[in-house]
Protein chains: 2
Amino acid sequence: MTIDSGTPSARDTVDTGGAASARVAAYLRAAILGGELRPGDRIRQEDIAARLGASRLPVREALRMLEAEGLTEHEANKGARVPRLTQHEVEVIYRMRERLEPLALVESLGALAEVDHERLAEVQRRIEENDDLDRFLELDREFHLLTYSGCTIDPLNSMVTRLWNSTQHYRRAYVALGGQSRMWVVNSEHRLILDAVVRRDATDAERFLGGHIRRTRIELGHHPEVFAP
Amino acid sequence: MTIDSGTPSARDTVDTGGAASARVAAYLRAAILGGELRPGDRIRQEDIAARLGASRLPVREALRMLEAEGLTEHEANKGARVPRLTQHEVEVIYRMRERLEPLALVESLGALAEVDHERLAEVQRRIEENDDLDRFLELDREFHLLTYSGCTIDPLNSMVTRLWNSTQHYRRAYVALGGQSRMWVVNSEHRLILDAVVRRDATDAERFLGGHIRRTRIELGHHPEVFAP
DNA sequence: CTGACACCGATTGGATCCAAAATCCAGACT
DNA sequence: AGTCTGGATTTTGGATCCAATCGGTGTCAG
């Protein structure tokens with residue numbers, strides 16, 4: 001795992017904290033999103049500090065940042081863990097996504113330039129050529145977050161990112177179980193969204209994106225084995 | 001200003017961090033929500049530490065907590081400030097509330113016992129008897145957050161709280177300008193919501209709450225002077 | 001054999017000290 | 001006179017050390 005990584009297209013969360021805190025946060029973020037740290041895993045401050053050659057203090061700061069991003073949870077005098085979610089919690093998070101992400105997309109539409117449209121098309125092209133499951137997770141995330149990148153409303157951005165972070169592990173488990181097998185559905189929906197974005201059609205963008213997330217939620221509901229401990 | 005305060009009905013945000021961090025966080029939270037610290041104000045770590053007789057470290061932790069709650073914002077090597085929002089940002093936050101809070105209410109409905117219904121009715125009664133503007137802010141917040149108190153989905157709870165926190169100052173400015181003068185509208189809407197909650201009618205609850213927030217957003221949009229620097 | 005209690009190791013929380021970065025002001029130069 | 005540069009001051013970021021708290025284990029009484 002590389003140390004610099006961080007979220008592919010996250011313009012936020014980079015400035016906050018000092019240099020060391022940011023390094024530690026990037027390391028842990030990559031470890032959790034990448035699947036090395038899984039829900040329920042405990043994170044000991046000293047372990048991380050020793051591994052990265054820093055003191056425990058920037059680790060503490062990093063854990064607080066990650067908590068705000070939904071990647072860790074804290075309990076006083078007991079430390080940090082990667083949150084473990086129930087099936088119902090994930091379902092509600094998808095319902096939150098259904099409502100928030102169309103809003104973020106509409107806020108973003110006007111600010112997206114043609115360069116962004118081209119980048120989006122390029123990412124979608126790579127999704128369709130791709131056949132690696134872990135790579136799909138990254139590209140899909142990049143596609144959607146890129147469509148929101150014109151949105152300047154800070155709480156909206158951070159909440160959308162947080163919702164993606166929280167469900168990342170379950171998305172991985174889902175595709176690993178072959179759930180995302182009918183890729184042509186995903187691709188056709190992505191193309192509808194991309195088209196609406198290029199046309200800057202807020203109504204269509206909102207409708208297609210909402211439907212895309214809703215379908216995913218329903219299909220995920222048919223696979224309770226994803227949530228087995 | 002009292003030191004113990006904290007958010008009236010916030011079940012979350014109490015466990016995290018140690019004792020000193022929690023005290024500092026509660027102090028700052030009360031100062032910001034209470035209006036002593038206003039948008040744009042800078043928060044110097046040493047000032048707070050000296051004032052509360054703690055070291056700077058718990059202040060740093062507290063500032064991180066508050067950042068997650070939307071009450072402060074950070075910049076590396078530059079410190080913390082109370083965020084200043086534009087009119088458009090506040091409007092989008094209200095749109096987020098329109099979409100998220102009905103969801104939180106529906107998730108909460110089934111878990112609310114009769115005791116909660118009685119407490120709600122009591123709070124609403126006090127709102128109708130009340131004639132102090134600052135007191136109205138508190139009671140209104142308590143009413144709504146109480147209706148969501150049965151919701152156990154952590155990210156949903158924290159996001160709803162964060163949205164309330166972010167707009168608290170502008171709500172205050174709005175009522176101070178006499179914007180919330182037609183209290184009978186607020187009260188009739190609250191009664192509709194309360195009734196739907198008692199009947200556990202998800203459809204009505206969602207509809208009335210959404211309408212309540214939407215009307216507030218639109219009325220707020222007619223008062224741009226609230227957002228004057 | 002089981003349950004309660006006390007002790008001890010492990011881990012997090014807090015305080016103090018030091019380093020680095022940013023801001024502010026003065027002075028010189030254009 | 002205005003602007004740029006340099007240093008001094010202020011403020012935040014990081015490291016180390018010490019205290020408080022939690023979890024497990026072992027022991028003793030019932």
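Basis for what follows: all heavy atoms, side chains included, without hydrogens, waters or symmetry-related copies. Order of the sequence lines sets the chain letters (A, B, ...), proteins ahead of strands, with each chain counted from 1.
No side-chain heavy atom of A:R60 sits under 4.5 Å from any side-chain heavy atom of A:H74.
In terms of phosphate contacts, A:S21 brings a side-chain nitrogen or oxygen within less than 4.0 Å of OP1 or OP2 of D:dG14. Here B:Q45 reaches the OP1 or OP2 of D:dG13: one of its side-chain N or O atoms lies under 4.0 Å away. Taking only side-chain nitrogens and oxygens, B:K78 never comes nearer than 4.0 Å to OP1 or OP2 of D:dT11.
No side-chain donor-acceptor contact under 3.5 Å links A:R64 and B:S21.
Taking 3.5 Å as the limit, the base of D:dG14 and the side chain of A:R56 contain no donor-acceptor pair of atoms between them.
Rounded to a whole Å, the CD1 atom of A:I43 is 14 Å from the C1' atom of C:dT11. Distance CG (A:L57) to C1' (D:dA15): 8 Å, rounded to an integer number of Å. Counting to the nearest Å, the C1' atom of D:dT21 and the CG atom of A:N77 are 5 Å from each other. C:dA21 atom P lies 19 Å from atom NE2 of B:H74, rounded to whole Å. With rounding to whole Å, A:E46 atom CD is found 11 Å from D:dT16 atom P. The interatomic distance linking B:R44 (CZ) with C:dT23 (P) rounds to 13 Å, in whole Å. A straight line from CD of B:E61 to P of D:dG14 spans 13 Å, rounded to a whole angstrom.
Of the two residues contacting DNA chain C, namely B:P58 and A:A80, the nearest-nucleotide position lying further toward the 5' end is that of A:A80. Residues B:R60 and B:R42 each lie close to DNA chain C; by heavy-atom proximity, the contact nearer the 5' end of the strand is made by B:R60.
Enclosure of atom CZ in A:R38 is not indicated, since only 12 or fewer non-hydrogen atoms of other residues, nucleotides or ligands lie within 6.0 angstrom.
When the ring pair (Phe, Tyr, Trp, His ring centres under 6.0 Å) test is applied to A:F227, the partners found at least two apart in sequence or on another chain are A:Y170.
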For salt bridge (charged side-chain N to carboxylate O under 4.0 Å, His left out), just list the numbers for A:R119 and A:E122, CA-CA rounded to whole Å, side-chain angles, deciding distance to a tenth of an Å, and then say yes or no.
-> CA-CA 5 Å; A:R119 271 207 64 189; A:E122 167 67 16; over 6 Å; no
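No engagement by B:L63 is indicated, since no non-hydrogen atom pair under 4.0 Å with the nucleic acid exists.
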